[in-house]
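Only heavy atoms go into these numbers, but all of them, side chains included; no hydrogens, no water, no symmetry mates. Order of the sequence lines fixes the chain letters, A, B, ..., with proteins taken first and strands second; residue numbering starts at 1 for each chain.
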Amino acid sequence: MIVRTRFAPSPTGYMHIGGMRTALFNWLWARRHGGQFILRIDDTDQQRNRDEALAPILSAFRWLGLNWDEGPEVGGPCGPYFQSQRQAFYDKALQQLLDTRQAYRDFENPEDTKAQRETAEKEKRQYISSRSSLELSDADISQFLSEGRAHVIRFLVPRDQKVQIEDHVRGHVEWDCSLMPDPVIARNDRSPLYNFATVVDDAEFRISHVIRAEEHLPNTPVQVLLHQALGNELPQWAHIPYVAAPGGREKLSKRRIGQYRTNPQFQKLFELGDQVLSRLGIDSAADALSPVMVEYYRRVGFLPEGVLNALFRLGWSLDDHTEYISLPTAQQNFSLDRIIRSAAGLDADKLLNFQSHWMSQLSAEEKLNGCLPLLAESGLIDSTDDADTRDRVKQIIALAGDRLRVFGDIFQMDEFFLPDDQLTVDEKNFQKRIVKPEAAVDLLRELRRRLEATADFSAAALHELIQGFVTEKGIRAGDLFPAIRLCVTGKAQGADLFETLSLLGQSRVLSRMDRGIGRAESLRAE
RNA sequence: GGCCCCAUCGUCUAGUUAGGUCUAGGACAUCGGAUUUUCAUUCCGGUAACGGGGGUUCAAAUCCCCCUGGGGUCACCA
């Protein structure tokens with residue numbers, strides 16, 4: 001059997017992280033078996049700006065390195081790959097069902113149908129279709145049709161049957177058809193509805209495995225029945241758990257971003273995003289970008305490897321101990337029977353951990369190429385090509401070391417890019433370390449003189465000089481070091497102090513110390 | 001409410017198909033300690049789970065039933 005899987009996004013303008021995982025599992029299964037992965041666009045409800053709404057989805061696939069064998073932009077033997085262009089296939093299937101009386105024209109007033117539904121609900125019983133239109137004679141029907149009377153086409157559910165599937169994740173699942181309403185498969189204008197289009201296309205595309213989120217489980221009996229009515233070979237099913245919101249069991253949803261902001265498990269991600277996106281001039285509070293979307297991670301400076309790793313481990317495991325998994329490794333080992341059955345909350349901490357791990361695997365050059373575009377976009381550097389700039393940023397990145405978890409963390413090193421008067425100062429610590437301790441300002445002033453006098457501004461020389469100063473004065477390093485750092489970076493913590501001073505350079509260190517000392521004095525005078 | 005799905009540390013999970021090797025393993029988070037000029041890293045160590053009740057069995061996290069809890073879905077959306 002040739003394994004063919006598909007992912008069928010609706011062009012919504014963004015790629016959902018949960019949908020991405022579903023797509024990933026489909027991709028993995030196809031690749032694992034040397035099969036094909038197909039992208040089909042479910043745009044049966046006419047979208048105005050289809051291409052615009054599709055672009056972010058395709059770009060998410062490209063970013064993560066998931067290619068598709070057939071679909072938009074690449075074509076393929078089963079095209080077109082947009083449902084809106086496949087009307088001929090639906091017409092044919094529709095006619096077949098009508099001819100074999102497995103579907104019928106329903107002329108019932110929609111309000112009546114709705115009322116019946118509501119009555120059933122009120123009486124706490126399962127609603128099933130009235131099938132009143134089945135009483136119509138062929139003559140009545142032609143009459144109605146010639147009058148142009150509105151109707152829909154419903155599939156005639158064989159109520160005496162049961163549908164049973166052996167799901168790769170769920171195991172045996174069955175439904176009683178006597179409890180199912182007849183689903184509408186096409187509108188008055190013959191445009192197909194989701195379940196019908198899906199079945200026709202899955203068969204046409206020879207999809208061997210339908211791997212989708214478990215919220216589609218209730219659609220399955222209808223689809224099985226439709227396949228059978230059409231005489232199709234049934235695909236195999238795998239209903240994977242949906243991705244839940246962090247720390248919970250509820251489906252992760254774009255509409256609930258507001259709530260997620262206050263979710264303690266989610267906060268870390270939002271904060272990271274706010275920090276980075278604000279530098280890029282993106283208002284993250286407006287939720288144009290949020291951790292629900294793949295785009296968010298790309299913009300914040302996550303690595304495809306980090307996001308992918310988090311996605312693998314959300315509901316799937318390679319074995320009982322492997323955590324760091326690359327795409328090739330997953331591709332070689334992926335299996336449907338190691339997918340867990342219950343919904344899993346997106347784990348922000350683990351995501352960050354995976355991300356840090358893959359970041360640590362990068363070469364200096366790769367890190368540089370990840371950070372430069374962000375710096376340029378934020379206006380902190382002018383050009384990404386300038387050799388001096390590149391060299392300098394490379395040194396800053398080396399200094400940042402593992403503090404750089406995502407590329408956006410480069411903004412934490414902003415003291416190397418900002419002019420003296422634009423540094424943000426940690427006021428609380430400035431007070432505590434410089435303004436309040438009596439000796440602090442005098443010490444800084446004296447140290448400043450020595451720093452001015454020295455010719456060697458290498459980290460090693462500075463270490464020696466400052467350490468010697470501390471010893472000479474009989475003070476503790478803890479009394480002086482934070483004060484220096486606050487003066488030159490505005491921050492209470494950060495990368496190695498001496499490397500920082502060295503990289504900042506003598507003139508900037510001196511001018512910033514002057515500013516700091518002046519500041520402290522005027523604060524003391526108040 | 002109907003139908004369906006799910007249930008192991010705070011979280012992600014291994015173990016459930018073939019019951020014993022599980023006084024339940026790993027990872028992240030957390031807490032403690034070591035290293036360190038701060039932070040971060042790194043290294044060591046600790047706390048921490050089979051939702052409840054019945055069965056079946058010599059033996060159940062694993063099989064069966066019930067309960068409870070959680071969730072998905074009920075469109076002329078996808």
Participant: What does B:U21 pair with, Watson-Crick or G-U, if both distances are under 3.5 Å?
Facilitator: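 Across all strands, not a single nucleotide pairs with B:U21.
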Participant: Nearest whole angstrom, please: distance from the P of B:C74 to the NZ of A:Lys114.
Facilitator: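 It is 16 Å, rounded to the nearest whole Å.
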Participant: Could you tell me whether A:His239 contacts a base, only the sugar-phosphate backbone, or nothing, with contacts defined as non-hydrogen atoms closer than 4.0 Å?
Facilitator: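 Touches nothing.
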Participant: Could you work out the separation of B:G71 and B:G32 based on their C1' atoms and round it to a whole Å?
Facilitator: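 It comes out at 38 Å once rounded to the nearest Å.
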Participant: Mapping A:Ala477 and A:Arg154 onto RNA chain B by nearest heavy atom, which one lands closer to the 5' end?
Facilitator: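 The residue closer to the strand's 5' end, by nearest nucleotide, is A:Ala477.
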Participant: Taking for each residue the nucleotide of RNA chain B with the nearest heavy atom, is it A:Gln126 or A:Asp402 whose nucleotide lies nearer the 5' end?
Facilitator: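 Result: A:Gln126.
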Participant: Measuring from the side chain of A:Trp175 (C-beta onward, heavy atoms only), which nucleotide among B:C76, B:C3, B:G1 has the closest atom?
Facilitator: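 Among the listed nucleotides, the one closest to the side chain of A:Trp175 is B:C3.
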Participant: Quick one: label A:Tyr127 by what it contacts on the DNA or RNA (base, sugar-phosphate, nothing), any heavy atom closer than 4.0 Å.
Facilitator: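 A:Tyr127: no heavy atom of the nucleic acid under 4.0 Å.
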Participant: Rounded to whole angstrom units, what separation is found between the CG atom of A:Leu352 and the C1' atom of B:U41?
Facilitator: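 Rounding to the nearest Å, CG of A:Leu352 and C1' of B:U41 are 15 Å apart.
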Participant: So A:Phe7 and A:Phe61, would you call those rings parallel, tilted or perpendicular, with 30° and 60° as cut-offs?
Facilitator: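 Ring orientation, 0 to 90° scale: tilted.
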Participant: Regarding A:Arg403, tell me which of base, sugar-phosphate or nothing describes its non-hydrogen contacts under 4.0 Å with the strands shown.
Facilitator: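 Touches a base.
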Participant: Please classify the nucleic acid contact of A:Leu497 as base, sugar-phosphate, or nothing, using heavy-atom distances under 4.0 Å.
Facilitator: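 Base contact.
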Participant: What is the distance, to the nearest angstrom, from the CD atom on A:Gln116 to the P atom on B:A75?
Facilitator: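 Result: 13 Å.
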Participant: Between protein and nucleotides 12-14 of chain B, what N or O pairs are separated by less than 3.5 Å?
Facilitator:
unit_1	atom_1	unit_2	atom_2	d
B:C12	OP1	A:Arg249	NH2	3.0
B:C12	OP1	A:Gly345	N	2.9
B:C12	OP2	A:Arg249	NH2	3.4
B:C12	O4'	A:Asp347	OD2	3.4
B:C12	O2'	A:Arg313	O	2.8
B:C12	O2	A:Lys350	NZ	3.2
B:U13	OP1	A:Gly315	N	2.5
B:U13	O2'	A:Arg313	NH2	3.4
B:A14	OP1	A:Ser317	OG	3.2
B:A14	O3'	A:Arg338	NH2	3.4

Participant: Using a distance-only test with no angle check, is there a side-chain donor-acceptor pair under 3.5 angstrom linking A:Ser502 and A:Glu499?
Facilitator: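 Per modelled atom types, A:Ser502 and A:Glu499 side chains form no pair under 3.5 Å.
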Participant: For a quick check, tell me whether the side chain of A:Arg170 and the base of B:C6 share a donor-acceptor pair closer than 3.5 Å.
Facilitator: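 A donor-acceptor contact between them is absent.
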Participant: Out of B:G72, B:C76, B:C77, which has the shortest distance to the side chain of A:Arg187?
Facilitator: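 So the side chain of A:Arg187 is nearest to B:C77.
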Participant: When the P atoms of B:G25 and B:A61 are considered, how many whole Å apart are they?
Facilitator: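 Here B:G25 and B:A61 have their P atoms 14 Å from each other.
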Participant: Just how far, in rounded Å, is C1' of B:U38 from CD of A:Gln467?
Facilitator: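 The distance from CD of A:Gln467 to C1' of B:U38 comes to 13 Å, rounded to the nearest Å.
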Participant: Write down the distance between CZ (A:Arg86) and P (B:A78), rounded to a whole number of angstrom.
Facilitator: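 Taking atom P of B:A78 as the reference, CZ of A:Arg86 is at 16 Å.
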Participant: Base, sugar-phosphate alone, or nothing: which one does A:Pro482 contact when heavy atoms must sit under 4.0 Å apart?
Facilitator: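 If one applies the 4.0 Å heavy-atom cut-off, A:Pro482 turns out to touch nothing in the nucleic acid.
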Participant: B:G69 and B:U8: how far apart are their C1' atoms, nearest whole angstrom?
Facilitator: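 Here B:G69 and B:U8 have their C1' atoms 15 Å from each other.
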Participant: Going by atom types alone, do A:Gln83 and A:Asp42 pair a side-chain donor with an acceptor below 3.5 Å?
Facilitator: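 Yes, because at least one side-chain N or O of A:Gln83 sits under 3.5 Å from a partner of the opposite role on A:Asp42.
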Participant: Both distances under 3.5 Å, Watson-Crick or G-U wobble: report the partner of B:C39, or none.
Facilitator: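 Looking at the geometry, B:C39 pairs with no nucleotide.
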Participant: For the pair made of CG in A:Asp182 and C1' in B:C76, what is the distance, rounded to whole Å?
Facilitator: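 Atom CG in A:Asp182 sits about 14 Å away from atom C1' in B:C76.
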Participant: So, are A:Glu323 and A:Lys350 salt-bridged, with charged N and O less than 4.0 Å apart?
Facilitator: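 Looking at A:Glu323 and A:Lys350, the cut-off is met.
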Participant: Between A:Glu214 and A:Arg341 (salt bridge meaning N to carboxylate O under 4.0 Å), is one present in this structure?
Facilitator: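 A salt bridge is absent here (no side-chain N lies under 4.0 Å from a carboxylate O).
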Participant: If you look at every strand shown and take non-hydrogen atoms under 4.0 Å, does A:Val173 touch a base, only sugar-phosphate, or nothing?
Facilitator: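 The residue A:Val173 makes sugar-phosphate contact but no base contact.
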Participant: In the strands shown, is B:C4 matched to any nucleotide by a Watson-Crick or G-U wobble pair with both distances under 3.5 Å, and which?
Facilitator: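 Because both required distances fall under 3.5 Å, B:C4 counts as paired with B:G71.
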Participant: Does a side-chain N or O of A:Thr44 approach OP1 or OP2 of B:A78 to a distance below 4.0 Å, or not?
Facilitator: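 True: A:Thr44 side-chain N/O within range (under 4.0 Å) of B:A78 OP1/OP2.
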Participant: Is the phosphate of B:A75 approached by A:Arg117 (side-chain N or O, under 4.0 Å from OP1 or OP2)?
Facilitator: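 For B:A75, OP1/OP2 do have a side-chain N/O of A:Arg117 under 4.0 Å.
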Participant: Take the protein atom CG of A:Asp202 and the nucleotide atom C1' of B:A78, then report the distance between them rounded to whole Å.
Facilitator: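 Spelled out: CG on A:Asp202 to C1' on B:A78 is 13 Å.
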Participant: Among the candidates B:G71, B:A29, B:C77, find the nucleotide nearest to the side-chain atoms of A:Asp349.
Facilitator: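 The nucleotide sitting nearest to the side chain is B:A29.
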Participant: Name the closest nucleotide to the A:Gln493 side chain, picking from B:A78, B:G72, B:U38.
Facilitator: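 The answer is B:U38, which lies nearest to the side chain.
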Participant: B:A29 and B:C67: how far apart are their C1' atoms, nearest whole angstrom?
Facilitator: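 Nearest-Å result for B:A29 against B:C67 at atom C1': 33 Å.
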Participant: Quote, to the nearest angstrom, the P distance that separates B:A60 from B:G52.
Facilitator: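 Their P atoms lie roughly 15 Å apart.
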Participant: Under 6.0 Å from the six-membered ring centre of A:Phe82 and within 45° of its axis: does the NZ or CZ of A:Arg50 meet both?
Facilitator: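 Cation-pi check for A:Arg50 and A:Phe82: passes.
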Participant: Flag this pair as yes if the NZ/CZ of A:Arg21 is under 6.0 angstrom from the six-membered ring centre of A:Phe25 and inside a 45 degree cone about the axis; otherwise no.
Facilitator: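 Yes, cation above the ring, under 6.0 Å and within 45°.
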Participant: Looking for any heavy atom pair under 4.0 Å, which part of the strands does A:Ala348 touch: base, sugar-phosphate only, or nothing?
Facilitator: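 Here A:Ala348 touches no strand at all.
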Participant: Please pick, from B:G72, B:C76, B:C4, the nucleotide with the shortest atom-to-atom distance to any side-chain atom of A:Lys251.
Facilitator: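 Nearest to the side-chain atoms of A:Lys251, counting from C-beta on, is B:G72.
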Participant: Regarding A:His16 and A:Ser253, do their side chains bring together a donor and an acceptor under 3.5 Å, going by distance alone?
Facilitator: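 No, A:Ser253 and A:His16 have no side-chain donor paired with an acceptor closer than 3.5 Å.
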Participant: Whole Å only: how far is the CD atom of A:Gln265 from the P atom of B:G10?
Facilitator: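 Interatomic distance, CD of A:Gln265 to P of B:G10: 12 Å.
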Participant: For A:Asn219, which contact category applies under a 4.0 Å heavy-atom criterion: base, sugar-phosphate, or nothing?
Facilitator: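 A:Asn219: base contact, heavy atoms under 4.0 Å.
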Participant: Any idea how A:Phe498 and A:Phe481 line up, ring-wise: parallel (<30°), tilted (30 to 60°), or perpendicular (>60°)?
Facilitator: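 A:Phe498 vs A:Phe481 ring planes: perpendicular.
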Participant: According to the ring pair (Phe, Tyr, Trp, His ring centres under 6.0 Å) rule, which pairs have a member within residues 154-185 of chain A, sequence neighbours left out?
Facilitator: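 Residue pairs with at least one partner in residues 154-185 of chain A: A:His168-A:His209.
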Participant: Output yes when A:Asp112 and A:Arg117 qualify as a salt bridge under the 4.0 Å nitrogen-oxygen rule, no when they do not.
Facilitator: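 Answer for the salt bridge query: no.
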Participant: Is the base of B:A27 touched by the side chain of A:Asn353 through a donor-acceptor pair closer than 3.5 angstrom?
Facilitator: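 Check fails, no donor-acceptor contact within cut-off.
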Participant: Using atom P in both nucleotides, what's the gap between B:G51 and B:G46 to the nearest angstrom?
Facilitator: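 Here B:G51 and B:G46 have their P atoms 25 Å from each other.
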Participant: Scan every strand shown for a Watson-Crick or G-U wobble partner of B:U30, both distances under 3.5 Å, and answer none if you come up empty.
Facilitator: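 Partner of B:U30: B:G46.
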Participant: Would you measure the distance from the C1' atom in B:C22 across to the matching atom in B:C9 and give it in whole Å?
Facilitator: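 Per the computed distance, 14 Å lies between those C1' atoms.
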Participant: Provide the distance between the two C1' atoms, one in B:G72 and one in B:C31, to the nearest whole Å.
Facilitator: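 After rounding to an integer number of Å, I get 38 Å for this pair.
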Participant: With heavy atoms under 4.0 Å as the rule, sort A:Val152 into base, sugar-phosphate or nothing.
Facilitator: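 Touches a base.
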